[in-house]
*Asks:* 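Right, I'll just put the structure down here and ask away after.
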Number of protein chains: 2
Amino acid sequence: MAREDTRRPPATLHDVAREAGVSLATASRTLNGSTRKVNDEYRARVLTAAEALGYVPNLQAQAVARGRTTTVGIIVADITDPYFSQIAGGIITATDAEGLVATIGVSGRDPEREVRLVSALRAQRPSGIVLVGSRVADAELTSRLTSQLRDFEAEGGHVVLVSQAGLPFDTIAFDNIEGAGALARRLADAGYRRAVVLAGPEELLTSRERTQGFIEGYAAAGHPSPSLEAVHSAFTRDGGYEAMGRLLDQDGERPDLVFAVNDVMAVGAMARLRDAGLEPGRDVAVAGFDDIETLRDVSPGLTTVRLPLEQGGTTAVELLVRRAAAPSLVRLPAEVVVRASTPALR
Amino acid sequence: MAREDTRRPPATLHDVAREAGVSLATASRTLNGSTRKVNDEYRARVLTAAEALGYVPNLQAQAVARGRTTTVGIIVADITDPYFSQIAGGIITATDAEGLVATIGVSGRDPEREVRLVSALRAQRPSGIVLVGSRVADAELTSRLTSQLRDFEAEGGHVVLVSQAGLPFDTIAFDNIEGAGALARRLADAGYRRAVVLAGPEELLTSRERTQGFIEGYAAAGHPSPSLEAVHSAFTRDGGYEAMGRLLDQDGERPDLVFAVNDVMAVGAMARLRDAGLEPGRDVAVAGFDDIETLRDVSPGLTTVRLPLEQGGTTAVELLVRRAAAPSLVRLPAEVVVRASTPALR
DNA sequence: TTGAAAGCGCTAACAT
DNA sequence: ATGTTAGCGCTTTCAA
C-alpha cells in the first residue's frame, strides 16, 4: 500500500535487525538459516520488521558471503529460433522451480563469441552453465571452449551441454542419427527414390549427424543412394531457401524428396519451391527435423522428426542440480511424424 | 593450455595483486578502474598475472562493493512464443552490447506469478527490469504490480515496460490500435463485409486494443459493422483453433474474413478451417497481427500487421540505460502487410 | 539460543 | 601514481 515517493536505498538485513531489536546474526538466521534455531518470539519480530521494511535479501551479497550463487547461466545460439527457445523455455521453467535464477547469453551462432560468453558468464560465478547448441568440428575452437569449461568446473561450477556427446561434461543428446535414420526408412518405404539432403553447415555436428543418419537409413532400407546428394547452407530459413534454389538450378532429374535437416530450413525450402511454381508435397516432397510447435500447422503438414526439446531443457537442469560424480550422458529419443508433405507414392 | 585437474577456487584480485607484486588497489585499477592512472610497468605485470591465473572478476563482489549491478532482469510471459522470443532477442542483444548481463524469468501468462517474479528479480538488485507483455484490466493486480515496481524504482532501479502505455514507467508501446485500424480499412476496401474478430482474452489490453482498432477501422472505412462480432479465447494457437471452431458451429451466414489478434492464433484458425474442409484465403480470408518471422512462409501467406518486435527490445534497453528523468513513452509503428490469405474480392 | 566479530571479493576514499 | 584501509550486505565461526 505504501507509496515511496522518495528515493531510499533498499532495506538491509541490518535495518531489519535494528527494527526488530535483535542482532544481525539472528535476523540472518530467521530469514535464511537452514536449520531453524531461533526463538519464536524473536523470529516473529524479525519477520514483522522485514515485512514492514519491505526487505528483500541481496542475493549478490549472499553469494559473496557464501561463496556460491543460485544462478544458472544459459548460452544459446539464437533465442529467436524456436528450437532454442523451446529448450530455453524448459531450462528457465526448471530453474525457477528450483529457486534458481537464470542468466542468458546469445552467441548468434558464432563459436568465437560462445567462448567469450562462457568467460563473461563465469564472472557471475554461477553454480552452473548450460550450453545449448551444436558443437562444430573444429579442434582449436573445441579445445578453447573445453578449456574454459574445465576451468569453470575446477572452480566448483557445473557444466551441462545440450548437444552432441563427446565432450567431457554432462550432456543431453538428442537421437539425431537414429531419428534421421528412421525417417529415411519410412520415406524409402513410401516410395521415394531420388532424395536430396539440405544438409546445413558442413562443420555443424548436428547437421552431420542428421545427414549421416538419413543416408544410412536409406541404405538400411535397401535403397543405398549413390545419387543421394547433400547440399550445404546455413542452418536457417534463408539457408533452406537458398539451398533449395541451388538445387532447382541444377540440371538433371528433379529430386522427388528433399530432407532439410531442420524444420525452419524445410519451411524455407517450401517457400522456394512455391516461388518456382512447384507445390511442396505434390511436386516435391519435403521433410524436416525437430517438429517445431509453431510450425505444426503449416500446409501441407510437414513430415518431420519430433524431439523432446523442452524436456531436454528440464533434464539439463536436473543434471545440474544432481551433480553426478562422473560426466553422465542422457540420450533423448526422437520420433518420426509423417504428415502430408510426404504422401506415400504407392 | 593449463589443465586444472584439481578443484581450486577461482583466482581473486588478491591473488593477482600478490602475484604481480602490487597492491590490491593497483590491481583493481588496472583491471577495472575507469580513468587509467596506472604505471605501464605495473599495468603490464598485473595483466600478465591476471592472465596467468585465469583471473575472472567476481561481478557479485563488484556489485556489492559498488552498490550497483550490471544486471538487467527480463520478464516475459512465454519465451516459447515467437512474439516474446523476438522481443527478448532484442533485449538480450542490446544488453550484452552494453556489457550488461540479462537475467530472465517466465511468468507463463500468469499475472500473479509475474508479480512474484518481480519480487524475486529484485533480490538480484538489477539495475533495471524490463517487463514484456500485455497488461490486464484488473485494478487490484495492476496496483500490486505497480507497487512492486515503484518500490524497485524508489531503491534506484529502473523499470521499462514493453506493452501498453498508462503505467507510470518508461514504456515501449506498439501501435496496436492504429495498426489494426489500418488493416481493417485495407480489408474493407478489398471488399470484405462480414468480418469477425478472434479477439483473444477479454482482460488482455493488447487484445482489446487490436479488436477496438479493427472495429473502428471498419467504421472509418464507411462500413460500420453492426454484425462485427468478437469471439474470445486464449491468446495462443489453440485459442485460435478453438475460437474458429465455435464460430463455424454457429448458425447463420459464414464470415468472409476472420481477423485473429495475433499470428499464432491466426495459424490456429487456419488449421481449424482446414479441418472443416475449408480453404483459408479462398473460402474464408484470414488475417493476423505481429508478422512473426517463423510464420512468414505459411501458405497462403498470412496478411498481418508487422511490429518491430526486436527493435522494441533494443529500444527498451536504450531507455534503461538513458534513465530519463520523467517516464517516457516510445510508440513503435505498425505496418500492414497484405498477403495471399486475404485476396481482393473485386 | 544469541550476539560479536571476522571474513567473502571488491571498490573507493584517503593518505602518501 | 600507489598503497592502506574502511566499508558494501551478508554469513558463519566462536564465545557467551
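For the numbers below, each heavy atom of this structure counts, side chains included, while hydrogens, waters and symmetry mates do not. Naming convention: chains lettered A, B, ... in sequence-line order (proteins, then strands); numbering from 1 in each chain.
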*Asks:* List in chain and number order the residues that pass salt bridge (charged side-chain N to carboxylate O under 4.0 Å, His left out) with A:R322, two or more places apart in sequence or in another chain; answer none if no residue qualifies.
*Replies:*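 Partners of A:R322 under the salt bridge (charged side-chain N to carboxylate O under 4.0 Å, His left out) test: A:E318.
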*Asks:* Please report, to 0.1 Å, the donor-acceptor pairs under 3.5 Å made by any side chain of residues 89-96 of chain B, with sequence neighbours excluded.
*Replies:*
from: B:T93; atom 1: OG1; to: B:G89; atom 2: O; distance (Å): 2.7
from: B:T95; atom 1: OG1; to: B:I91; atom 2: O; distance (Å): 3.0
from: B:T95; atom 1: OG1; to: B:I92; atom 2: O; distance (Å): 2.7
from: B:D96; atom 1: OD1; to: A:R113; atom 2: NH2; distance (Å): 3.1
from: B:D96; atom 1: OD2; to: A:R113; atom 2: NH2; distance (Å): 3.4

*Asks:* Apply salt bridge (charged side-chain N to carboxylate O under 4.0 Å, His left out) to B:R18 and list each qualifying residue two or more places apart in sequence or on a separate chain.
*Replies:*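 Result, salt bridge (charged side-chain N to carboxylate O under 4.0 Å, His left out) vs B:R18: B:D15.
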*Asks:* I'd like a table of donor-acceptor pairs (distance under 3.5 Å, sequence neighbours excluded) in which one partner is a side-chain atom from residues 55-64 of chain B, with atom names and distances.
*Replies:*
from: B:N58; atom 1: OD1; to: B:Q60; atom 2: N; distance (Å): 2.9
from: B:N58; atom 1: OD1; to: B:A61; atom 2: N; distance (Å): 3.0
from: B:Q60; atom 1: NE2; to: A:Q124; atom 2: O; distance (Å): 2.5

*Asks:* Sequence neighbours excluded, which residues qualify as side chain to side chain donor-acceptor pair (under 3.5 Å) partners of B:E140?
*Replies:*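 In terms of side chain to side chain donor-acceptor pair (under 3.5 Å), with neighbours along the sequence ignored, B:E140 is linked to B:R144.
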*Asks:* Take the C1' atoms of the five end pairs on each side of the helix from C:dT1-D:dA16 to C:dT16-D:dA1, derive the two axes, and give their angle rounded to 10 degrees.
*Replies:*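 Its terminal axes enclose an angle near 40°.
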*Asks:* Hey, is the side chain of B:N32 poking within less than 4.0 Å of OP1 or OP2 on C:dT11, counting only N and O atoms?
*Replies:*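 The answer is yes; a side-chain N or O of B:N32 sits under 4.0 Å from OP1 or OP2.
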*Asks:* What's the CZ-P distance between B:R18 and C:dG9, to the nearest Å?
*Replies:*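 Atom CZ in B:R18 sits about 12 Å away from atom P in C:dG9.
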*Asks:* Listed by chain and number, what are the side chain to side chain donor-acceptor pair (under 3.5 Å) partners of A:Q148, not counting sequence neighbours?
*Replies:*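 Counting only residues at least two positions away or on another chain, A:Q148 forms a side chain to side chain donor-acceptor pair (under 3.5 Å) with A:R122.
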*Asks:* In whole angstrom, give the distance that lies between atom CG of A:L31 and atom C1' of C:dT2.
*Replies:*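 To the nearest whole Å, that distance equals 16 Å.
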*Asks:* What's touching nucleotides 3-6 of chain D from the protein side, N or O pairs under 3.5 Å?
*Replies:*
from: D:dG3; atom 1: OP2; to: B:S23; atom 2: N; distance (Å): 3.1
from: D:dG3; atom 1: OP2; to: B:S23; atom 2: OG; distance (Å): 3.2
from: D:dG3; atom 1: OP2; to: B:T26; atom 2: OG1; distance (Å): 2.5
from: D:dG3; atom 1: N7; to: B:R29; atom 2: NH2; distance (Å): 2.6
from: D:dG3; atom 1: O6; to: B:R29; atom 2: NH1; distance (Å): 3.4

*Asks:* What residues, two or more places apart in sequence or in another chain, satisfy side chain to side chain donor-acceptor pair (under 3.5 Å) together with A:T48?
*Replies:*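 Per chain and number, A:T48 pairs via side chain to side chain donor-acceptor pair (under 3.5 Å) with no residue.
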*Asks:* Between the protein and nucleotides 7-9 of chain D, list the N/O to N/O atom pairs that are separated by less than 3.5 angstrom.
*Replies:*
from: D:dC8; atom 1: O2; to: B:V64; atom 2: O; distance (Å): 3.4
from: D:dC8; atom 1: O2; to: B:A65; atom 2: N; distance (Å): 3.1

*Asks:* Using 4.0 Å as the upper bound for N to carboxylate O, is an ion pair formed by B:D170 and B:R323?
*Replies:*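 No, no charged N to carboxylate O under 4.0 Å.
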*Asks:* With sequence neighbours left out, write down each residue that passes salt bridge (charged side-chain N to carboxylate O under 4.0 Å, His left out) with A:E51, or none if nothing qualifies.
*Replies:*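 Result, salt bridge (charged side-chain N to carboxylate O under 4.0 Å, His left out) vs A:E51: none returned.
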*Asks:* Taking only residues two or more places apart in sequence or in another chain, which ones pass side chain to side chain contact (heavy atoms under 4.5 Å, CB included) with A:A120?
*Replies:*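 Here no residue qualifies.
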